[in-house]
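Take a look at the structure set out below.
We're numbering straight along the sequence, starting at 1. Just so you know, these numbers use all the heavy atoms, side chains as well, and skip hydrogens, waters and symmetry mates.
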Amino acid sequence: MSVIVAAYRPGDGFDRVIDSLDAQTLPQDEFELIVVDDGSPDDTVERLRRVAATHPNMRVETIENSGWPSRPRNVGTALARAPYVLYMDHDDSLYPDALRRLVEYAAETHADVVSAKESQTRSVWWGTMPFRHGNVANAIPSGDIHQLMPMIPHKLYRKAFLEEHGIRFPEGKRQLWEDIFFNVEAWRHARVVSLLADTPVYLWHLTEANNSSTYGPGGMEFWNRLDVLYDFIDRTLDGEAFARARQDEFLHQWRGRALKRFAKLAGTAPEERTLRTLPRAQKVQERYVPRELEPLLGVIARPHSELTRIGRIDLLGELWRLDQTVAGRFTASGVRWNEGVLEADVVARWVQANGKPLRVLQRDGRLYRDLPEHIAAALPEDAYDVTDTLDTFILRVGAHSRADHLTWDARVEGAVTTWEQVEPGVVTPVSRGRLRLDPATTAGGRPLTPGVWELSGIVHWSDTARSQGIRVRVKPMPALPGGVVATAYTNKVGTLAIDLNGKARSVIAEGGVRGGRVPGGVRGFVLPLPRVQAWQDARIPVGVRFAPKEGPSTVVAGVLVADGAGARLEAGGEVSPGRYRLAFLPPDGVDRITRWSARVTRGGALVLHDTHLRPRRATLAWLRFQGGRGYRYLRRRLGR
């Protein structure tokens, strides 16, 4: 493997590249790092060479500034000595098993290209769609070029394949979308394009310095380059064999690159600015998206495209602003653990700005989006007819890691989408399914890593999608699925999450520990955990940290036990008399102070108090009102 990095003033971001390569499971002598500096005007080259001095597998080359990553990547490709190349940006990172698994899978499938699972620091669902069904040994027979999405360069390519067909990144200053040119040509010539879904490979760190934020449809550069891209797609994907890929790319570039940004321009910029670029948008549309292809655009893009065709940018801007107010709403009920699997009944809707369901009008046996009358009057009826789109309203649920930015698709069983009546003559699409998340298999068939995983929903409807966390109100639900600690709970923003290392929610602290004097004392005690669910015997080493108000903490060893007698914590050790706050250390050593406090007497007795259960409402008047019941409540809450 040759890892190729085009560098231009990367700053501290390059540390992420090096740290992630140092952490690779593939031995360092089995890959090389080629960094080509594109004429950085600062001390970048000196810094790179200092790093190379301590990394025998790293090579630094310099070229005159070319203005874009294309030439540095091409230079790096020519220098590469390995059978496979992988392109990285100068401030991103790889997941630890990325290179080893890529090489192994490429050899297994005889791939010319491997498109692998990629994540993004600011998006839960970035690039997940092609990988939702698992690994694909070869996507070429399907003819579906969208399986190569997202068309970024962070993929594995067989070097001999690139050389045989002369595939290179287009060079020159500001070569917009150079990665699309590269990947379209790769699809044209490849015999095997494999999809690797079971192993995370690349993490794209979005920063304000990303080139993609420096251009848009308000300037001629955008449309000039789009003309070049369309012409390239037309020439490269020619012939009957690539007819589907060619049409799909025409529609995708119009829907996702041109129309999406042009509609935003109409909705946010002064009208005269949009008018200046309208003829260029219409020229692309007329040549590559003829009217007969309009029905393929989808429920959101189709009306936008029709308004662009007739030049009604005033209505286009208004409709774009209206569409931005539509959101996804996901709710869960019946959350439970079932034999180590977290289950919940999930309902997904699209809602308007007022929180009410998206309205779809019933008229003459057909269904139509509820658009403002003056916008609907400017459109052909079939442009906002959604009668036959219900099967495209698809619910997915993902587990998203706070720490690693990874999203894995969780299983949703029995998902059914229906038109639900809102009022007479008005319906809304609703999808219902049963979430079944197994912590042992959700990560591409392997266990989810320790940490906090937040559950998010996404509904794809035709050409677009809406996502959000899954709203729920549940008390923490501690469990030991597969012998690991896990707590399902409602997080601070009111959505469903699972803690798999006790960082946010401790299985022990939420396990139903009773306050009061603990039998056995601090030198050897057993805390029953009646709220912890377990389905198999387990013994998990843990620690109990006694943290005084001042001074060092004391940690005593313990074990979290699950067997036929239920779940319990067995622990003990020498702790000085005093008052402490308690923390429970899971196997990975990550802990947090819990709500529990403890008092250790001179004789070694241990008394626990749940500080969250102090009767803050238990005013004197309230206790008098409750009578003997209030007295018992107070004793129970204080653990005495």
Side-chain angles (χ1 to χ4, degrees), residues 120-126 128 324-338 341-358 395-412 415 420 428-437 439 442 448 450-460 465-479 481 485-507 509-512 531 533 592-595 610-613 616-617:
Q120 192 187 86
T121 53
R122 297 185 191 175
S123 175
V124 170
W125 292 98
W126 163 255
T128 62
Q324 301 315 298
T325 67
V326 178
R329 176 166 294 175
F330 303 83
T331 57
S333 61
V335 181
R336 65 256 179 208
W337 286 103
N338 182 9
V341 176
L342 184 69
E343 294 185 345
D345 299 314
V346 178
V347 179
R349 293 179 170 87
W350 275 18
V351 296
Q352 304 170 112
N354 58 10
K356 295 182 179 180
L358 183 73
L395 166 66
R396 296 165 61 201
V397 174
H400 182 70
S401 168
R402 282 185 190 174
D404 298 330
H405 305 285
L406 275 170
T407 299
W408 294 101
D409 269 87
R411 180 184 298 180
V412 178
E420 185 177 274
T428 192
V430 178
S431 186
R432 291 178 169 84
R434 174 162 295 179
L435 166 68
R436 298 196 77 249
L437 189 151
T442 297
L448 295 173
V452 175
W453 293 83
E454 292 168 328
L455 281 298
S456 290
I458 187 170
V459 165
H460 301 270
R466 295 291 188 270
S467 66
Q468 193 186 61
I470 299 176
R471 299 183 180 187
V472 71
R473 298 300 302 176
V474 293
K475 292 182 178 180
M477 303 169 60
V485 295
T487 303
Y489 69 102
T490 301
N491 62 21
K492 291 181 179 180
V493 297
T495 61
L496 186 59
I498 303 178
D499 188 327
L500 293 179
N501 69 348
K503 180 65 177 177
R505 288 291 187 275
S506 166
V507 165
E510 307 292 353
R531 294 195 66 236
Q533 299 183 57
R592 66 192 295 270
I593 293 294
T594 69
R595 65 177 184 256
D610 187 340
T611 58
H612 279 200
L613 297 182
R616 288 175 289 180
R617 295 184 300 150

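Atom NE2 of His460 sits about 9.0 Å away from atom OG of Ser467, to the nearest 0.5 Å. Atom NE2 of His405 is separated from atom CZ of Arg122 by 11.0 Å, given to the nearest 0.5 angstrom. Leu455 CG to Thr495 OG1: the interatomic distance, rounded to the nearest 0.5 Å, is 8.0 Å. A distance of 8.5 Å separates CH2 in Trp337 from CD in Gln533, rounded to the nearest 0.5 Å. Between Thr331 atom OG1 and Gln468 atom CD the span is 10.0 Å, to the nearest 0.5 Å. With values rounded to the nearest 0.5 angstrom, Ile498 atom CD1 is found 10.0 Å from Met477 atom CE.
In terms of heavy-atom proximity, Ser456 sits nearest to Ile470 at C-CG1, 4.0 Å. For the residue pair Trp350 and Val326, the shortest heavy atom distance occurs at CE3-CG1, 3.8 Å. Considering all non-hydrogen atoms of both residues, Asn501 and Pro450 come closest at CB-CB, 3.8 Å. Taking every heavy atom of both residues into account, Leu395 and Ser431 meet most closely at CB-OG, 3.4 Å. Nearest heavy atoms, Arg329 versus Val351: CB-CG1, 4.0 Å. Nearest heavy atoms, Pro476 versus Pro478: O-CD, 3.4 Å.
His400 places no side-chain N or O within 3.5 Å of a backbone atom of Trp453 that could act as its donor or acceptor partner. When atom types are taken as modelled, the side chain of Asn338 and the backbone of Val341 share no donor-acceptor pair closer than 3.5 angstrom. In this structure, Thr490 contributes its side chain and Val472 its backbone to a donor-acceptor pair below 3.5 Å. Of the possible donor and acceptor atoms, one in the side chain of Thr428 sits under 3.5 Å from a partner among the backbone N and O of Leu358. A side-chain donor-acceptor contact under 3.5 Å links Gln352 to the backbone of Pro357. Distance alone, capped at 3.5 Å, is enough to place a donor-acceptor pair between the Thr407 side chain and the Val124 backbone.
When side chains are defined from C-beta on, Trp125 counts as touching Asp409, because their heavy atoms get closer than 4.5 Å. Contact check for Arg432 versus Arg349: side-chain heavy atoms found under the 4.5 Å cut-off. Residues Leu448 and Leu437 have side chains in contact (heavy-atom distance under 4.5 Å, counting atoms from C-beta outward). Within the 4.5 Å cutoff, the side chain of Arg402 has heavy atoms near those of the Asn491 side chain. Residues Val493 and Glu454 fail the side-chain proximity criterion, which asks for heavy atoms closer than 4.5 Å.
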Salt bridge (Lys or Arg N to Asp or Glu O under 4.0 Å) between Asp345 and Arg336, intermediate numbers included: CA-CA 10 Å; Asp345 299 314; Arg336 65 256 179 208; 3.5 Å; yes

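More than 12 heavy atoms of other residues, nucleotides or ligands shown are found within 6.0 angstrom of CZ on Arg531.
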